[in-house]
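Here the structure comes first, spelled out in structure tokens, and everything after it is commentary.
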Amino acid sequence: MRIAMIGTRGVPARYGGFETCVEEVGRRLASAGHEVTVYCRGSASPGCTAARDGDYLGMHLVHLPAVRHKALETLSHTALSTAHSARRGPDAAFVFNAANAPLLPVLRACRVPVATHVDGLEWKRGKWGRAGRRYYRLAESLAVRWSDALIADARGIQEYYMDRFGASSEYIAYGAPVLDGVGSSRLAEYGLRAGEYHLVVARFEPENHVHLAVEGYRAGGCRFPLVVVGSAPYAGEYVARLTRLAAGDESVRFLGGVWDQELLDELYANALTYIHGHSVGGTNPSLLRAIGAGTVTLAYDVGFNREVLGQRGQYFAAPDELARLCTRTEAADPAVIAERGRALRAEAARYDWDEVAGAYETLAGRLARHSRSESRWGA
């Protein structure tokens, strides 16, 4: 099959969950013999090398520009990508992010069957004003109307679309890489020691609660440092807020974006705790990487995180709760910490990238077999 993957920053995966999904699924589909085209943003993105078309892990990359503006970047790039893809006429297209739904008629006009990965509850993000939130709510309804299938990466997202729109969706989560045999040699570059730091990996947005992680850590009087990995475009005010919260505390270490996967894996695998504050984005690949590393995970108390961690996780909703969890973990017996890690790694087995790619392949085949005249667009 000829499969198009549209709506993300593209690959190599350097940014977030969508990009990780495209890389892991796309390369497996390509390995299975499918012709996979991934649309990438040609404008500079964090950690990316010079944009150029070509092949990567068997996928064909097409780089197209985007307007560097918070409200326009995604839509401007997807507009060019859908127009390019529609002319090529793939057998199936995967469009990521419900925000791109207004552009689905471009594919519709060329009879390209499409599945939309709707992501999380984007309209809850504080970075969007009133108009932005209204737009996202509208886009969700358009995704339901104009997609041949919807993809939800969490059961909670599935339930939301059924409750709000009466729309069924395909549940396809992300995979969790199991980080066995990861060393610790790179930690010394940052003055860190294995098992003696707390870790946050997150895009700097209020709904990821990095501020709460900093507040809770400082309130606990912890012995070990807090290492914060992350950044975000258009987040200047929030970054300033985090800087104020740290208030010159040298035990809070902001590393910025880390694009070196070997180093990032070492940071996950050797942390005493991984603090996960994400609250609106469905199943999160960073959370899955942490449990695949067997790292004790302290998670913000929402259904999406409980869906992944169940009773293996420890939960917080306020700084004082996180402070208690951090100090309690520092004081715990190492054997207890190791057992908690093994239990979490066992949970990671439920999230397998090969199975995820197989589900995408099955869905693409179903879309491709649909008669153009039987498309939901004609309903």
Side-chain angles (χ1 to χ4, degrees), residues 5 7-8 13 15-25 94-101 115-126 128 133 136-137 139-141 143-144 147 149-177 201-203 205-209 274-292 297-317 344 346-360 362-363:
M5 307 185 86
T8 75
Y15 191 72
F18 277 159
E19 289 73 23
T20 300
C21 181
V22 168
E23 180 165 318
E24 296 292 345
V25 171
F94 293 116
V95 173
F96 293 79
N97 196 340
N100 291 313
T116 301
H117 189 310
V118 294
D119 198 18
L121 307 180
E122 286 294 309
W123 49 270
K124 287 190 173 183
R125 293 194 184 276
W128 304 117
R133 289 193 291 272
Y136 267 101
R137 298 298 288 265
E140 288 177 349
S141 66
V144 170
S147 302
L150 302 175
I151 299 171
D153 62 39
R155 295 294 185 189
I157 298 298
Q158 238 189 347
E159 293 167 2
Y160 168 78
Y161 273 82
M162 179 56 70
D163 292 345
R164 180 167 177 79
F165 302 106
S168 60
S169 57
E170 306 282 333
Y171 169 66
I172 310 178
Y174 294 131
V201 180
R203 194 179 309 162
E205 296 180 352
E207 294 72 27
N208 293 343
H209 292 98
Y274 168 69
I275 301 171
H276 186 75
H278 299 64
S279 62
V280 302
T283 300
N284 185 271
S286 184
L287 177 60
L288 296 179
R289 187 169 291 273
I291 67 173
T297 301
L298 317 178
Y300 191 73
D301 195 0
V302 292
F304 299 131
N305 296 334
R306 285 187 175 272
E307 183 179 319
V308 174
L309 298 171
Q311 296 182 348
R312 309 295 190 188
Q314 300 175 69
Y315 301 96
F316 64 90
L344 284 165
E347 292 296 318
R350 297 188 291 121
Y351 299 90
D352 182 270
W353 276 121
D354 289 338
E355 293 181 4
V356 171
Y360 273 86
T362 298
L363 178 55

Decide yes or no for [X] and [Y]: does some side-chain heavy atom of the first lie under 4.5 Å from some side-chain heavy atom of the second?
{"X": "Met5", "Y": "Val25", "result": "yes"}
{"X": "Asp119", "Y": "Tyr136", "result": "no"}
{"X": "Tyr315", "Y": "Tyr300", "result": "no"}
{"X": "Ile157", "Y": "Phe304", "result": "yes"}

The test is side chain to side chain contact (heavy atoms under 4.5 Å, CB included); show your working for Leu309 and Leu287 and say whether it passes.
CA-CA 9 Å; Leu309 298 171; Leu287 177 60; 4.0 Å; yes
Enumerate the salt bridge (Lys or Arg N to Asp or Glu O under 4.0 Å) contacts for residues 349-358, please, sequence neighbours excluded, ordered by first and then second residue.
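Residue pairs with at least one partner in residues 349-358: Arg28-Asp354, Glu347-Arg350.
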Over all atoms of both residues, closest heavy-atom pair of [X] and [Y]:
{"X": "Thr116", "Y": "Ser147", "result": "OG1-OG, 2.6 Å"}
{"X": "Ala99", "Y": "Ala139", "result": "CA-CB, 4.0 Å"}
{"X": "Glu307", "Y": "Ala154", "result": "OE2-CA, 3.5 Å"}
{"X": "Ala143", "Y": "Ala101", "result": "N-CB, 3.4 Å"}
{"X": "Asn208", "Y": "Ala202", "result": "CB-CB, 4.1 Å"}
{"X": "Tyr161", "Y": "Val144", "result": "CD2-CG2, 3.7 Å"}

Parallel, tilted or perpendicular: which describes the rings of Tyr160 and Phe165, with under 30° parallel and over 60° perpendicular?
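Correct class here is perpendicular.
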Please verify the inter-ring angle class for Tyr360 with Phe94; under 30° counts as parallel, over 60° as perpendicular, anything in between as tilted.
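Perpendicular, since the angle between the ring planes exceeds 60°.
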Check: Phe18 ring centroid to His117 ring centroid under 6.0 Å
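Yes - the distance between ring centres of Phe18 and His117 falls below the 6.0 Å cut-off.
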Pairwise distance [atom1]([X]) to [atom2]([Y]) - rounded to 0.5 angstrom:
{"X": "His276", "Y": "Asn284", "atom1": "NE2", "atom2": "CG", "result": "4.0 Å"}
{"X": "Glu207", "Y": "Ser279", "atom1": "CD", "atom2": "OG", "result": "6.0 Å"}
{"X": "Phe96", "Y": "Thr8", "atom1": "CZ", "atom2": "OG1", "result": "7.0 Å"}
{"X": "Ile172", "Y": "Thr283", "atom1": "CD1", "atom2": "OG1", "result": "12.0 Å"}
{"X": "Gln158", "Y": "Ile151", "atom1": "CD", "atom2": "CD1", "result": "11.5 Å"}
{"X": "Leu363", "Y": "Leu150", "atom1": "CG", "atom2": "CG", "result": "10.0 Å"}

Is there a donor-acceptor pair under 3.5 Å between the side chain of Glu24 and the backbone N or O of Trp353?
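Pair absent, no side-chain N/O of Glu24 close to backbone of Trp353.
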